[in-house]
Every structure is written in structure tokens, then in C-alpha cells.
Amino acid sequence: MQVTKEYARAVLFPGSADGNPLVPSANMPALRGDAKGNYRVLVVGNSGVGKSTVGREVAAILDIPFIPLDTLFWGTGWTQCPREEFRAKVRAALDGDPRGWVVDGNYTSHIGTMTYEEATDVIWLDPPLALYFPRLCWRTFLRLLRLAPPCSPGCEERASEVFFSRESIVWWCLTHHWSVRKRYGERYSVDGVHVGGKVRRIGGWGSQLDAWKRDVRAMSATQGEVLPPAAAEIADA
């Protein structure tokens, strides 16, 4: 396939015809939530971008369950959960708390668009490969030495698979960076927060992510404040 300038620009800077990434305006809330003030947040992106780390942080801030799809899918010894059983596990987890949830992971080939459709907010982590690939390599090295927890209990990294297999997380990260960016870039262009949708792209070298997490904390703190009786009556009116 011939890669044109327009195609490369669209992949590198999704959502913008002139190569400038479209970003939410400053007055947009950090999270949309639903009409009842509940949040169902889906964190997506390529392997190694930090989905689990961000997901846990956001879940802790909002005080809602964190659901890592890796632990539902992978069994001891890297055994895959059968498709229907996996869907049932995900369904039960999503229904576990009426206040909402934070899910990390893609798995669309196994569960379809279940998590995407039910999410009030989709956070697409899209940092430069040069930022997160070294972090992935370091994490994988620590896992090989059993100095970092595996992605799922009982799924230890093995040197033969890390270095000599096309199923390696390192190889997967490298070969899927552009395809993941293209897929979510297309989705962002039609369902991004800049056009009234629910997908928020967070790229850059870390400052965008830090700023967004500060906004989430501020939003959560504001919602946690107890309104005085008069204000509560107005809010309920």
C-alpha cells in the first residue's frame, strides 16, 4: 500500500485534516458521565501505553470498581478464557456496581463493542511510541525477573516467548502501534469529545495526561462536596 502524505497525517494526527490534532476545549468536563452522575470509563490504547495504571488511578479517584480485562481473559499458564465464558465474566463485572466502573483493555474481537457502547467515557491513550516502548521493555524485563507482577495471576513471562515469539508483548507493541492508532483515530474523528462524542484522546509526552488526571480529581472533589439545604433544593428542583 502506498502511504500518502494525507494518510500519514491522518494517522499521526487523527481527527484533523491539516495535521493539527483536535483537542477538547478547556471548558469541557474531564468526564461526561451519565444523567445520574455515574461514570463508566473505558481506557483503550496499544499494549504498554499505561491503560492499567491510568485505569486504577481513575477508579480510585471516582471510588468505583476497576475491571482489568487481562485478568478475566488469561488463566494460569496463559490459557485463554473461552469466548462465551469471557463475555459472561465481563457482563457480570459491568453489572457489579450501579455507580459505574473503569475498564482497561480492548478485546473487541472477543466481546465486540460491549464495553464501548456502555461506556459514558472512552479514554484513548495515544502517547508517542518512543515514550512508552522503553517503559514496556523495562516492565517486561522486571516481569522476567519476577520483580513485577504479571498481567494476570499465573501468567509469568518467559524469555523464549519474549525474545523469540511473534506472540511476544514487545513484538505486539511494535507491530500494532500504527494499526491501533489508525483504528481509534477513525473512531475519534466521528465520536470524539470535540464533536460531542465520548472519546477523549490523550497524547503527548505526559503533560496532557497529568492535566487530565488533575481535572478528574478536581471534578470528583467538587461532586463530593455536600450542598447546603437551600442549594440542594435548587439542585433537586
Side-chain angles (χ1 to χ4, degrees), residues 14-15 21 23-24 28-33 38-74 90 93-94 96-97 99-108 111 114-116 118-140 142-143 148-152 169 172-173 176-177 180-181 183-185 187-188 191-194 197-221 223-224:
V23 296
M28 285 185 179
L31 292 169
R32 303 188 325 158
N38 298 320
Y39 297 94
R40 297 180 297 279
V41 184
L42 174 61
V43 185
V44 299
N46 194 23
S47 297
V49 295
K51 298 186 295 295
S52 296
T53 300
V54 172
R56 287 190 184 93
E57 289 185 61
V58 173
I61 293 170
L62 299 177
D63 190 28
I64 54 179
F66 172 60
I67 305 171
L69 294 185
D70 279 346
T71 61
L72 298 181
F73 182 74
W74 293 107
V90 175
L94 297 183
D97 194 317
R99 298 173 304 154
W101 38 259
V102 177
V103 169
D104 83 310
N106 304 301
Y107 286 96
T108 52
I111 59 174
M114 179 193 305
T115 51
Y116 185 92
E118 297 186 23
T120 60
D121 300 85
V122 178
I123 307 304
W124 170 30
L125 300 181
D126 185 36
L129 183 63
L131 174 67
Y132 72 90
F133 182 68
R135 296 190 311 205
L136 173 71
C137 292
W138 178 244
R139 184 187 73 183
T140 303
L142 293 178
R143 285 178 173 177
C151 74
S152 184
I169 187 66
W172 180 277
C173 173
H176 284 73
H177 173 77
V180 170
R181 174 170 281 185
R183 181 169 72 250
Y184 284 109
R187 188 168 293 182
Y188 177 74
D191 197 21
V193 293
H194 61 287
K198 61 183 177 182
V199 181
R200 179 182 295 267
R201 176 183 179 268
I202 300 179
W205 295 86
S207 59
Q208 286 185 33
L209 180 59
D210 290 340
W212 176 74
K213 288 190 293 187
R214 284 196 300 270
D215 290 344
V216 173
R217 292 189 187 95
M219 179 198 72
S220 179
Q223 292 182 342

> Side-chain donor-acceptor pair under 3.5 Å between N46 and Y184, yes or no?
Replying inline: no

> Can you name the closest pair of heavy atoms from V122 and A119 and give their distance?
Replying inline: CG2-CB, 4.1 Å

> Minimum heavy-atom separation for V44 to G105, with atom names?
Replying inline: CG1-O, 3.9 Å

> About how many Å separate NE2 of H194 and CZ of R201, when rounded to the nearest 0.5 Å?
Replying inline: 10.5 Å

> Between atom CG of L69 and atom OG of S152, what is the distance when rounded to the nearest 0.5 Å?
Replying inline: 11.0 Å

> Would you say W205 and P128 make side-chain contact, with heavy atoms under 4.5 Å?
Replying inline: yes

>> Determine whether a donor-acceptor pair (N or O, by modelled atom type, separation under 3.5 Å) exists between the side chain of N106 and the backbone of T108.
In response: no

>> Given 3.5 Å as the limit, does a donor-acceptor pair link the side chain of D121 with the main chain of V41, or not?
In response: no

>> Just so I know, are the side chains of D70 and Y107 near enough to count as touching, which here means a heavy-atom distance under 4.5 Å?
In response: yes

> Considering all heavy atoms of both residues, which atom of P134 and which atom of L131 are nearest to each other, and what is their separation?
Replying inline: CD-O, 3.6 Å

> When rounded to the nearest 0.5 angstrom, what distance separates CD1 in I123 from CD1 in I202?
Replying inline: 5.0 Å

> Are any non-hydrogen side-chain atoms of V103 and V43 less than 4.5 angstrom apart?
Replying inline: no

> What residues form a ring-ring contact (aromatic ring centres under 6.0 Å, His included) with W212, not counting sequence neighbours?
Replying inline: none

> Do L31 and M219 come within less than 4.5 Å of each other through their side chains, counting heavy atoms only?
Replying inline: yes

Which atom pairs, donor and acceptor, lie under 3.5 Å between side-chain atoms of residues 52-61 and protein residues at least two apart or in another chain?
residue : atom : partner : partner atom : Å
S52     : OG   : D104    : OD2          : 2.6
E57     : OE1  : K213    : NZ           : 3.1
E57     : OE2  : K213    : NZ           : 3.2

>> Looking at R217, is its backbone amide N or carbonyl O close enough to the side chain of S220 to form a donor-acceptor pair, meaning the two atoms are under 3.5 Å apart?
In response: no

> Going by heavy atoms in the side chains, are I67 and L72 under 4.5 Å from each other?
Replying inline: yes

> What are the two closest heavy atoms between G100 and P65, and how far apart are they?
Replying inline: O-CD, 3.3 Å

>> Under the criterion side chain to side chain contact (heavy atoms under 4.5 Å, CB included), I'd like the reasoning laid out for L136 against I169: C-alpha separation, chi angles, the key distance, then a yes or no.
In response: CA-CA 8 Å; L136 173 71; I169 187 66; 3.9 Å; yes

> Between CG of L125 and CZ of R200, what distance do you get to the nearest 0.5 Å?
Replying inline: 12.0 Å

> Which residues pass the side chain to side chain contact (heavy atoms under 4.5 Å, CB included) test with D191, sequence neighbours left out?
Replying inline: Y116, K198, V199

> Side chain of T120, backbone of R40: donor and acceptor closer than 3.5 Å?
Replying inline: yes

>> Going by side chain to side chain contact (heavy atoms under 4.5 Å, CB included), name the residues that satisfy it together with L142, two or more places apart in sequence or in a different chain.
In response: W138, L147, A148

>> Can you give me the closest heavy-atom contact between C151 and W74, atom names plus distance?
In response: SG-CD1, 4.3 Å

> Mind checking what makes side chain to side chain contact (heavy atoms under 4.5 Å, CB included) contact with R183, not counting sequence neighbours?
Replying inline: V180

>> So P149 and R143, do their side chains get closer than 4.5 Å, heavy atoms only?
In response: no

> Looking at side-chain heavy atoms only, is the closest gap between L129 and C173 below 4.5 Å?
Replying inline: yes

> Would you find a donor on one side and an acceptor on the other, under 3.5 Å apart, between the side chain of R99 and the backbone of D63?
Replying inline: yes

> Y188 and D126: side-chain donor and acceptor closer than 3.5 Å?
Replying inline: no

> Does the side chain of E118 come within less than 4.5 Å of W101's, by heavy atoms?
Replying inline: yes

> How would you list, by chain and number, every residue that makes a ring-ring contact (aromatic ring centres under 6.0 Å, His included) with Y132, sequence neighbours excluded?
Replying inline: H177

